[in-house]
Amino acid sequence: MSQTGTLADPADVMLRLLAPEGKQDPYPLYEEMRAHGALVDLGGAHVFATGYAECARALREPDLLSTDGAVQDVKMPGWRDHSSWRWLTTNMLFSNDPDHERYRRFFSSAFSARSVEAWRPTVESIAGEVVEHVAVLGAGRATVDLVGEFSFRFAMGVIGELLGIPAEDRQGMRGMIGDITTALDPIGDLSELERGDAGMDRLAEYCHALVASRRRALGTDLTSAFIRARDKTGELTERELVANIMLLIVAAAEAPQDLLSNMVRLALEHPGHADRLREDPAAAPGFVDETLRFDPAVQALNRVAARDMDYFGVRLAKGTPLTLLIAAGNRDPRRFPDPGVFDPARPDNQPLTLSGGAHFCLGAALARMAAETAVPLLLRRFPGLALAGRPTFRDQLVQRGHATLPVTTG
Ligand code: HEM
């Protein structure tokens, strides 16, 4: 399947991808990987997918499992000593059926298209507040870091409002949430989970207190609704409830933060597209999709074969890990003409970034609506918005995004 010859060894490409320079700009390395094929088989030990169709089919294949506790027992012995993965494997993302189905059923109706539409006025009002906050910070041509002051503040404002997290607590959660996402990167040694463990412990403590306080005074927020349903039906344990509320917080804060920051950076790099976004509300959905395709907040997803199987001609033995390099799939030239060109008007643009199949992002409609609302508002409010330094990226591969995005507001 893979071509050989003068190409760099795929295992070496992976190592370079995981080095700090690779994480800053992984895209050339995905092309080196793609040169070996749409599926790259490291001697049966690990398979990487770089192709769009290959990733898309894997996401919809029930016998390719998400990383649950049983999978981790094989992949990462010793993980049970680490609170990051103990909590992660209790949420729907890192579960398989029957638990996954049970969790998804419990939480999914809260995020229906109808709910998302009903939240639009709240989202617009939070966007307005955050943009005015940026205006205050940016007065007198002061430099503002948009990652913290716009992207995180807005994303956390939205999920905080929905879950009933007090406004004064939200911004302080940035550090713990960022720390948790580091547990998703490949590791060489279990000690590399310490940062994720510490973040998870802090968030768990916070969420236990949140659930306890909501339970004492149930309100109209989603946390109260989840507590009511749990206490009535017993469908979830208390720990499962807390684990999935933690997932909702992390998922709705971190990836949307990165999407928003990337949208702003790409708008600043492409002034013509930015003007279209300012002038025409109909341009926003295409801009969101193209940002998700071109520079995705989630770069890779892991699956494991539940049985021996044939996958596009590659034999996957039961237990074989498969890494879907969805950021590479999003630039597959068989699927997207001129994949390296940022084109918000691209037709039939369906990036892999929100996943697909059973684990399709539960917050996809919310994430789109929120991004379509906030970024055009920011650009309209500040016609002179400009970079005030080089944006930096965090030292992470899986959940990739800007560490800083310094701007002046004009
Ligand atoms: C740009 C924004 C977002 C991106 C790129 C994103 C990406 C993803 C991806 C890739 C998955 C599936 C992972 C897999 O298949 O292994 C996922 C699942 C999930 N997302 Fe999102 N997400 C975003 C926003 C949100 C928001 C706003 C929420 C809040 C409600 C959310 C909640 C979830 C949940 C609960 C799951 C687990 C679904 C399941 O396992 O059944 N996400 N997301």
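Atoms considered below: every heavy atom in the structure, side chains included; atoms not considered: hydrogens, waters and symmetry mates. Count residues from 1 along the sequence. Everything quoted here is computed from the prediction, not taken from an experiment. Ligands are counted one by one from 1 in listed order, and the atoms in each one are counted from 1 as well.
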*Just go through Gln257, His359, Glu254, Arg303 and tell me whose heavy atom is the nearest to atom 16 (O) of ligand 1.*
Arg303

*asked:* Just to be sure I'm reading this right: ignoring hydrogens, which of Glu101, Gln399, Arg104, His100 gets closest to atom 38 (C) of ligand 1? Compare them by their nearest heavy atoms.
replied: Arg104

*Could you verify whether a donor N or O on one side chain and an acceptor N or O on the other, from Thr50 and Asp332, lie under 3.5 Å apart?*
no

*Can His402 and Arg394 be counted as having a side-chain donor-acceptor contact under 3.5 angstrom?*
no

*To the nearest 0.5 Å, tell me how far Ile126 CD1 sits from His133 NE2.*
14.0 Å

*Roughly how far apart are Arg390 CZ and Thr404 OG1, rounded to 0.5 Å?*
9.0 Å

*Have a look around atom 21 (Fe) of ligand 1 and list protein N/O/S atoms under 2.8 Å, or say none.*
Cys361 SG

[atom] [closest protein heavy-atom partner, distance rounded to 0.1 Å]:
atom	result
atom 13 (C) of ligand 1	Leu93 CD1, 3.3 Å
atom 37 (C) of ligand 1	Met92 CG, 3.7 Å
atom 7 (C) of ligand 1	Thr353 O, 3.5 Å

Does this structure show an ion pair linking [X] with [Y], if we count only N-O contacts that are shorter than 4.0 Å?
X	Y	answer
Glu161	Arg170	yes
Arg278	Asp275	yes
Asp308	Arg315	yes

Show which atoms of ligand 1 fall inside a sub-4.0 Å distance from at least one heavy-atom site of [X].
X	value
Phe111	30 (C)
Ala358	41 (O)
Leu247	35 (C)
Leu259	1 (C)

*Only one of Thr223, Ile159, Ile249 forms a side chain to side chain contact (heavy atoms under 4.5 Å, CB included) with Ile165, so which one is it?*
Ile249

*Is there a heavy atom of Pro256 sitting under 4.0 angstrom from any atom of ligand 1?*
yes

_Using only atom types and a distance under 3.5 Å, with no angle test, would you say the side chain of Arg102 pairs donor to acceptor with the backbone of Glu235?_
yes

*For Asp295, does its backbone N or O pair with a side-chain atom of Asn262 as donor and acceptor, under 3.5 Å?*
yes

*Looking at Tyr30, is Arg331 sitting on its ring face, NZ or CZ under 6.0 Å from the six-membered ring centre and within 45 degrees of the normal?*
no

